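Everything quoted here is computed from the prediction, not taken from an experiment. Values reported hereafter were calculated over all heavy atoms of this structure, with side chains retained and with hydrogens, waters and symmetry mates removed.
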Amino acid sequence: MLPVVPLRRRRRRGRRRPAVAAALSLSLALAACGTADQAYLDGGPRPETEFTPRIGLLLPDTHTARWETFDRPLFEAKVLQLCPGCGVEYANAQGGVATQKAQVESMITKGVDVLVLDPVDARALSSSVRKADRAGVPVVSYDRLAEGPVSGYVSFDGRQIGRLQGKALLTAMGPAADGGQIVMVNGDPADPNAAALERGALDVLRGKVRIGKSYDTERWRPEIAHTDMTGAVAALGAGNIDGVYAANDGLAGGVIASMKANFIRPLPPVTGQDADLSAIRRILLGEQYMTVYKPFGPQAEAAAAMAVALGRGDPLDAVAPHVAGDGTGRRVPAVLLTPVPVTAATIKDTVVRDGMYTVARICTPEYASACAEAGLTV
């Protein structure tokens, strides 16, 4: 594991608390070690700290529902719990590379002590990561691994997600999984996660189905997925599509809207990812076969723990039990979490059980009969 580079910016001096990283890791259940700081993490008296860093949180867009609905509030709440008095500066790039570069520059100018960055474009943001590094501001790469000298990484195993999606698609296709034809609607080619997802899906699908059309979707835009799927239907024929691999729920929504507009009945199975509320409801209606639930709480909490530790100048050893390659041979301290597939039969035991959504929120009157059929309501 790479050592954490000491921060070059001037800090307020005081008594250090070397056990902070271990204490933070306990809150994430990532390591087990007895420490008096556990009482603090469980809501007891807080130990003295010498510094309350300012943390910058930079998320990529607003058309993916999870960022504003889950990641941001969960991250901010965990920072507040771990570090009362720590400030969080927030910005959303709205899908713009230039916007996000300017936001990184602004955060550095404002004097943040650490950045948590989900890059719109991992390669394009590498210059911004290097700029932060030169300014002595460590960067935690969130969900997508940015290129450049990042200090930590929090995400899910993208290739494993792709395998889960591929396996589910084959199951849903039934007999058509033996030589049937699918369309692949992949994510943004500028996002390394999209490549990992596609590789994982192809690990499972290659040699079993024919890929009639395959598309990359710039900036993960659902409207682009809609247009591409319309082109696939025109090229392949409405009756010749046995399944659709959609890399996330936003793309799945665009794909499904296109097929409905083209009067395809019944709809072939469609995959997804992120467990968006709209996707959960589509699954209940039988329009989308599955999604992948990535528990956002542990992810946001891990990023918060990393940010607080780095902001205080503490190592990430106990907070980040894994390492990830950054494509240059460097090994980055990482937290890699486990994704969970969700179908209509498992909604109750996944996103409802974990408190992501209540039954009441999912099962509005429009979905009452579907909810009853799935066993969500009596």
Side-chain angles (χ1 to χ4, degrees), residues 24-25 27-30 55-82 88 90-93 116-120 140-146 152-158 160-162 164-165 187 191 193-194 196-197 220 247-253 271-281 283 288 290-308 319-322 324 334-343 346-359 361-362:
L24 295 174
S25 69
S27 73
L28 300 169
L30 298 175
I55 298 165
L57 175 63
L58 296 168
L59 296 180
D61 60 65
T62 52
H63 59 259
T64 301
R66 58 169 288 191
W67 306 128
E68 298 289 335
T69 305
F70 295 106
D71 296 79
R72 177 190 177 184
L74 288 167
F75 176 85
E76 292 175 339
K78 192 62 180 180
V79 167
L80 182 62
Q81 179 193 349
L82 295 174
V88 177
Y90 175 69
N92 190 299
V116 176
L117 170 68
D118 189 337
V120 173
V140 175
S141 202
Y142 188 73
D143 202 63
R144 303 165 185 166
L145 183 56
Y153 176 47
V154 181
S155 190
F156 292 79
D157 184 337
Q160 176 61 16
I161 292 172
L164 292 174
Q165 292 170 318
D191 181 351
N193 280 357
L197 292 166
W220 296 90
N248 79 354
D249 291 334
L251 302 186
T271 65
Q273 176 199 181
D274 287 335
D276 290 351
L277 180 59
S278 58
I280 296 298
R281 289 169 171 167
I283 290 170
Q288 181 173 328
M290 63 85 69
T291 185
V292 176
Y293 167 45
K294 301 185 296 185
F296 304 134
Q299 185 179 13
E301 290 173 3
M306 279 191 180
V308 171
V319 179
H322 309 114
V335 174
L336 299 176
L337 300 160
T338 302
V340 181
V342 178
T343 63
T346 61
I347 290 172
K348 188 173 185 178
D349 293 329
T350 52
V351 296
V352 172
R353 182 196 62 196
D354 288 0
M356 185 175 183
Y357 304 116
T358 63
V359 170
R361 188 174 180 197
I362 296 170

### Message
Checking Ile362 against Val352 for the side chain to side chain contact (heavy atoms under 4.5 Å, CB included) test, could you report, in this order, the C-alpha distance in whole Å, the side-chain angles of both residues, the deciding distance, and whether it holds?
### Response
CA-CA 9 Å; Ile362 296 170; Val352 172; 3.8 Å; yes
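- The nearest pair of heavy atoms linking Val120 to Pro60 is CG2-O, 3.6 Å.
- Arg144 places no side-chain N or O within 3.5 Å of a backbone atom of Asp191 that could act as its donor or acceptor partner.
- Listed here is the closest heavy atom pair of Pro341 and Thr346: O-OG1, 3.9 Å.
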### Message
The test is side chain to side chain contact (heavy atoms under 4.5 Å, CB included); show your working for Trp67 and Thr62 and say whether it passes.
### Response
CA-CA 7 Å; Trp67 306 128; Thr62 52; over 6 Å; no
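- Of all non-hydrogen atoms in Pro295 and Pro298, the two that sit nearest each other are O-CD, 3.2 Å.
- Put simply, the side chain of Glu76 reaches to within 4.5 Å of the side chain of Tyr90, judged on heavy atoms.
- The distance from atom CZ of Phe156 to atom CG of Leu337, rounded to the nearest 0.5 Å, is 4.5 Å.
- In this structure, the side chains of Ile347 and Ile283 come closer than 4.5 Å at one or more pairs of heavy atoms.
- Here Thr343 pairs with nothing under the side chain to side chain donor-acceptor pair (under 3.5 Å) rule; sequence neighbours left out.
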### Query
Run the side-chain hydrogen bond (donor to acceptor under 3.5 Å, both in side chains) check on Lys294 and Gln299 step by step: do they pass?
CA-CA 8 Å; Lys294 301 185 296 185; Gln299 185 179 13; 5.6 Å; no
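- Residues that satisfy the ring pair (Phe, Tyr, Trp, His ring centres under 6.0 Å) test with Phe75, not counting sequence neighbours, are absent from this structure.
- Taking the side chain to side chain contact (heavy atoms under 4.5 Å, CB included) definition, one finds that Thr358 meets it with Ala360, Arg361, sequence neighbours left out.
- Counting heavy atoms from C-beta on, the side chains of Leu145 and Ser155 never come closer than 4.5 Å.
- Interatomic distance, CD1 of Ile280 versus CD of Gln288, reported as 8.0 Å (0.5 Å rounding).
- Residues Ala302 and Val319 come closest through the heavy atom pair O-CG1, 4.4 Å.
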#### Entry: Check against side chain to side chain contact (heavy atoms under 4.5 Å, CB included), Leu117 and Tyr142
CA-CA 6 Å; Leu117 170 68; Tyr142 188 73; over 6 Å; no
### Task
Decide yes or no on side chain to side chain contact (heavy atoms under 4.5 Å, CB included) for Ile161 and Gln273, but give the supporting numbers first.
CA-CA 8 Å; Ile161 292 172; Gln273 176 199 181; 3.7 Å; yes
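- Pro321 has its side chain within reach of Val335: a pair of non-hydrogen atoms, C-beta onward, lies under 4.5 Å apart.
- Heavy atoms only, all atoms of each residue included: Met306 and Ala320 are closest at CE-CB, 3.6 Å.
- A donor-acceptor pair under 3.5 Å is formed between the side chain of Asn248 and the backbone N or O of Leu251.
- When atom types are taken as modelled, the side chain of Ser141 and the backbone of Ala146 share a donor-acceptor pair closer than 3.5 angstrom.
- The side chain to side chain donor-acceptor pair (under 3.5 Å) check on Asp349 picks up nothing, with sequence neighbours excluded.
- Judged as a side chain to side chain donor-acceptor pair (under 3.5 Å), and not counting sequence neighbours, the contacts of Tyr293 are Asp354.
- Residue Phe70 holds its CZ atom at 13.0 Å from OG1 of Thr64, rounded to the nearest 0.5 Å.
- The shortest heavy-atom contact between Gly187 and Ala247 is N-CB, 3.8 Å.
- Side-chain contact between Met290 and Gln165: present, with at least one pair of heavy atoms (C-beta onward) separated by less than 4.5 Å.
- Screening residues 61-71 for salt bridge (charged side-chain N to carboxylate O under 4.0 Å, His left out), with sequence neighbours left out, gives Arg66-Asp71, Arg66-Asp143, Arg66-Asp274, Glu68-Arg72.
- Donor-acceptor pairing under 3.5 Å is recorded for the side chains of Thr291 and Asp249.
- Within the 3.5 Å criterion, the main-chain N or O of Thr338 finds no donor-acceptor partner in the side chain of Gln160.
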